[in-house]
Amino acid sequence: MPSRQEIIDQLGTDAQIKQALIERGDDESKPHTIEHHFLAEQPVPLSELERVGRMLGFNTSEIWEETTDEGGRYFTMNLLSNTTAHLEGLGRESLLMTALAEAFGVSYDGWGTHVEK
């Protein structure tokens, strides 16, 4: 379970992202595809998270390998939801993603979406 501080930090980050969307003219009442980004050192935990994400009603991206500038490697995957961009719903989703990341031993790198006008 995320700590109290992790929850506060995540909700603060959500508010900052939401404010950036508003400043760019986003219409939060229109449907958005929200991409929740995850990273791991190995693909297996992401595959397990992908399976559970589908059971929870999320769409998923493929798992792909990334390489760092230093030559290291990691794997990434997104859980996707289609929803309006109201902060309350986004906060609930991001806290769920934080808990899922902890449960599966991966990193949650936050969420993103396109501005919808």
- line: Met1 and Glu102 have their tightest heavy-atom pair at N-OE2, 2.7 Å
- prompt: Counting N and O atoms only, with roles assigned by atom type, does the side chain of Lys30 sit under 3.5 Å from a partner on the main chain of Val115, one being a donor and the other an acceptor?
  reply: no
message: Taking the side chain as everything from C-beta on, heavy atoms only, tell me whether Ile34 gets closer than 4.5 Å to His36.
response: yes
task: Indicate whether the side chain of Glu93 and that of Ser81 have a donor and an acceptor atom separated by less than 3.5 Å.
output: yes
message: Quick one, Leu90 and Asp14 - any side-chain contact, counting heavy atoms below 4.5 Å?
response: no
message: Are there over 12 heavy-atom neighbours, none belonging to Glu23, within less than 6.0 Å of that residue's CD?
response: yes
message: For the CD atom on Gln19, are there more than 12 heavy atoms of other groups (residues, nucleotides or ligands in this structure) within a distance under 6.0 Å?
response: yes
task: Spell out, as yes or no, whether a donor-acceptor pair under 3.5 Å connects the side chain of Arg51 to the backbone of Ser47.
output: no
- request: For Glu50 and Met77, work out which heavy atoms get closest and say how close.
  value: N-CE, 3.8 Å
task: Compare every heavy atom of Asp27 with every heavy atom of Ser29, then report the nearest pair and how far apart it is.
output: OG-OD1, 2.6 Å
statement: Closest non-hydrogen contact found for Ser107 with Ala101 is C-CB, 4.2 Å
Arg92 with Glu88: basic N within carboxylate O range, under 4.0 Å: no
query: Given side chains that start at C-beta, do those of Phe58 and Leu96 come closer than 4.5 Å, heavy atoms only?
result: yes
Qualifying residue for side chain to side chain donor-acceptor pair (under 3.5 Å) with His32, from Thr113, Asn82, Asp26: Asp26
query: So with a 6.0 Å cut-off around NE2 of His86, is the heavy-atom count from everything else above 12?
result: yes
query: Are Leu80 and Leu95 co-members of a hydrophobic cluster defined by side-chain heavy atoms under 4.5 Å apart?
result: no
query: Is there a donor-acceptor pair closer than 3.5 Å between any side-chain N or O of Glu66 and the backbone N or O of Tyr74?
result: no
message: How close do Val106 and Pro45 get, counting heavy atoms only, and between which atoms?
response: CG1-CB, 3.6 Å
Cluster overlap Ile63 with Val44, hydrophobic side-chain contacts below 4.5 Å: no
- request: State the CG-CH2 distance between Leu46 and Trp64, to the nearest 0.5 angstrom.
  value: 9.5 Å
- prompt: Should the pair Phe38 and Tyr108 be assigned to parallel (<30°), tilted (30 to 60°) or perpendicular (>60°) ring geometry?
  reply: tilted
- prompt: Going by heavy atoms in the side chains, are Leu21 and Glu28 under 4.5 Å from each other?
  reply: no
message: Do Leu100 and Leu56 have side chains that approach each other closer than 4.5 Å (heavy atoms only, starting at C-beta)?
response: yes
- prompt: Looking at Gly91 and Ser94, what are the two nearest heavy atoms and their distance?
  reply: O-OG, 3.1 Å
